[in-house]
Amino acid sequence: MPQKVVTRFAPSPTGYLHVGGARTALFNWLWAKRNNGTFILRIEDTDQKRNTPTATQQVMDDLRWLGITWDEGPEVGGPNGPYLQSERMDTYEKYIKQLLDEKKAYYCFETTEELGALREEAEADKKGFAYQRPEVFPSFEDARKAREEGRPVTVRFAVPQDKPIVVHDLIRGEISFNPNEVSDFIIQKSDGFPTYNFACVIDDYLMKVTHIIRGQEHLNNTPGQQSLWLALGFDNLPKYVHMSVTISESGGKLSKRERPATLKKAIKAMQDVDLDNLANVGGISRTDIEDFLAGKSIPDMPIINTIAEYLKVPLPEINIVDFSKSGYLPETLVNFLALLGWNPGDDREIMKIEELIEAFDVSRLTKSNSLFDRQKLISFNTEHLKMVESDKLIGYVKAYLKEIDSPVLQADDETLLRIIKLCEGARTLADIDRKSRFLFIDDDKIEYDEKSVKKVLLKSNGLENLAIVRDRLAAMEELSEHAIEQMLRGLAEEKQVGLGKVAQPLRVALCGSTVSLPIFDSVQLLTKERTLARIDKTIHNVKEQANTGD
RNA sequence: GGCCCCAUCGUCUAGGCAGGUCUAGGACACCGGGUUUUCAACCCGGCAACAGGGGUUCGAAUCCCCUUGGGGCUACCA
């Protein structure tokens with residue numbers, strides 16, 4: 001009887017879910033789905049210093065946004081819970097004790113500084129660091145005394161040294177490690193919490209995980225974890241799959257540090273920036289800003305986001321929320337992420353989730369690292385935007401508008417649907433907002449883009465044509481798209497110019513830039529009254545600007 | 001430094017495990033052209049890769065070794 005496939009995603013709750021994590025979660029989820037198995041979400045919150053209270057919720061929200069749901073885990077429960085490691089301390093304690101009793105683990109008392117010195121020594125010696133195992137393991141009594149003396153007490157696992165440790169990786173084959181290069185690692189910290197390397201082995205066993213699909217960055221942890229699994233007498237060693245790493249344009253592993261780094265670079269490149277003002281905007285002190293620019297510290301992500309938004313510095317999307325705020329569809333992310341280091345073996349690229357599940361196979365994972373290509377992501381989004389059914393799309397659009405707090409939110413369903421239709425070919429949901437925003441902004445709040453004004457109104461009789469358009473519009477009784485079109489085309493013909501020469505000045509007058517919904521619809525949607533008002537205001541302002549010689 | 005992984009167009013990749021069907025296929029980007037009321041979208045065409053060197057073999061992108069290059073890990077983080 002074949003074993004039921006059980007996979008898991010085990011993030012530490014340190015912040016938002018980022019693309020790398022999402023990809024790991026996705027592959028595990030796809031594999032479970034493919035095999036009608038179980039997908040577990042387990043929260044690895046064993047580091048008291050790094051846990052953010054809201055992070056678990058955030059990660060779950062992000063996973064759900066992507067459509068990745070778990071069969072066992074927080075909020076849904078399951079037979080092998082709890083699924084928060086911080087709630088499993090008794091379990092870990094039990095196994096620590098077992099290992100200690102069996103002399104497979106031992107106490108250590110070094111301070112962080114002492115260990116650091118040993119490491120430096122090893123490096124100076126051109127050797128890898130491996131903890132020197134004592135000949136006689138300290139007793140329970142020794143540990144008690146050390147604790148009393150204020151020394152940190154940790155527990156290390158004694159990695160069996162008898163033979164090479166061979167890890168079987170489903171995509172990389174056999175990987176052999178020399179056991180004396182696998183250091184006896186800490187399994188219990190001095191604060192009593194288990195380390196990742198320990199807790200994850202215990203839980204993978206107790207939760208009956210069959211496939212561990214994770215990033216290549218964990219490959220070096222595997223010999224230790226596998227030895228531990230065996231030393232605990234656990235059966236059914238899980239199958240290991242170490243995926244390629246996602247690389248960013250700048251070279252290294254795609255990391256959340258990229259957003260602050262981009263912002264820092266942008267600020268430094270600016271001429272006179274008012275640091276006090278920035279501090280104010282971000283709600284932090286001037287010293288915080290200075291430390292940030294000096295590379296000493298990094299403010300929290302919301303602060304980074306706020307400052308970047310204020311300075312209008314675009315930051316690369318890293319976290320899943322960043323992508324949703326940039327107007328990407330969950331379908332796009334899932335499809336794109338799935339194809340980063342995996343492919344179905346044929347020429348298909350744009351795939352629905354059901355297709356991905358159907359075609360997914362861990363043995364087709366790519367070995368080499370792949371670069372996160374944002375251009376291709378956009379193209380995927382364009383395709384998915386064309387594919388989603390319109391009632392689903394309207395839901396996405398509304399959620400997006402809400403997320404970015406757009407004035408387009410005022411549109412009723414009928415109008416919104418019409419806008420969406422008019423935006424066919426859009427690349428992101430942001431395009432839809434950008435093109436239709438002007439309809440929902442007060443006439444006197446329209447911002448006129450300088451370049452557009454210069455290019456369209458101040459050249460090629462732009463202003464004159466606009467004035468004529470104004471009069472003809474004013475004279476029109478019925479303002480249907482068709483009538484508007486006839487009028488504009490007629491004028492262009494009279495003037496012996498292309499339609500653009502009369503349409504573009506009008507567009508700029510209405511929305512302040514050269515990009516908007518199709519012009520005939522734009523006028524019709526805006527209404528005659530507001531259209532005329534905006535034209536008048538534009539003509540007035542531009543003339544004034546010309547007079548002051550500016 | 002040590003250990004580990006990887007290596008096909010600029011990028012994601014097919015092909016590699018079962019060597020000939022590969023003058024290396026697809027997609028994104030790019031370039032040229034078309035369409036066009038803006039931005040997109042759309043249509044047609046084009047450019048572009050087996051990292052280098054040794055083997056094995058009648059024959060290597062495919063198997064082996066070395067070099068080079070890239071990446072990961074090297075915490076009482078996960």
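Naming convention: chains lettered A, B, ... in sequence-line order (proteins, then strands); numbering from 1 in each chain.
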Give me the distance, rounded to whole Å, that separates B:U13 from B:A18 when you measure between the C1' atoms they each carry. 22 Å

Hey, does the side chain of A:Lys253 come within less than 4.0 Å of B:C73's phosphate (OP1/OP2), counting only N and O? yes

Could you check whether A:Ser513 gets within reach of a base, just the sugar-phosphate, or nothing at all, counting any heavy atom under 4.0 Å? nothing

Taking a pair to mean Watson-Crick or G-U wobble geometry with both distances below 3.5 Å, B:A24 pairs with none

Tell me whether A:Arg156 forms a cation-pi arrangement with A:Phe185, defined as NZ or CZ under 6.0 Å from the six-membered ring centre and within 45 degrees of its axis. no

Check every strand shown and say whether A:Gln188 touches a base, only sugar-phosphate, or nothing at a heavy-atom separation below 4.0 Å. nothing

A:Thr195 has its side chain closest, among B:A40, B:U74, B:A78, to B:A78

Candidate list A:Asp203, A:Asp204, A:Asn28, test side-chain hydrogen bond (donor to acceptor under 3.5 Å, both in side chains), partner A:Arg8, passing option: A:Asp204

Ignoring hydrogens, what is the shortest heavy-atom contact between A:Trp229 and A:Val201? Give both atom names and the distance. CZ3-O, 3.7 Å

Considering only nitrogen or oxygen atoms on both sides, find all protein atoms under 3.5 Å from nucleotides 4-9 of chain B and state each distance.
unit_1: B:C5; atom_1: O2'; unit_2: A:Arg172; atom_2: NH1; d: 2.4

Using a 4.0 Å heavy-atom cut-off, does A:Asp431 contact any base of the nucleic acid, only the sugar-phosphate backbone, or nothing at all? nothing

Across all strands shown, which nucleotide pairs with B:U38 by Watson-Crick or G-U wobble geometry, both distances under 3.5 Å? none

Within the distance-only criterion (no hydrogens, no angle test), does the side chain of A:Glu87 pair as donor or acceptor with the backbone N or O of A:Leu84 below 3.5 angstrom? no

5'-most by nearest nucleotide on RNA chain B - A:Lys126 or A:Arg364: A:Lys126

Of the nucleotides B:C77, B:C76, B:A41, which one has an atom closest to the side chain of A:Thr112? B:C76

If you check the A:Asn221 side chain, which of B:C28, B:U37, B:A78 turns out closest? B:A78

Nearest heavy atom decides the nucleotide; on that basis, is A:Ile519 or A:Asp347 closer to the 5' end of RNA chain B? A:Asp347

Opposite nucleotide pairing with B:A60, Watson-Crick or G-U, both atom distances under 3.5 Å: none

Please check this pair: side chain of A:Tyr448 against backbone of A:Ala509, looking for a donor-acceptor N/O pair closer than 3.5 Å. yes

How is A:Ser370 classified with respect to the nucleic acid when contacts are heavy atoms under 4.0 Å: base, sugar-phosphate, or nothing? sugar-phosphate

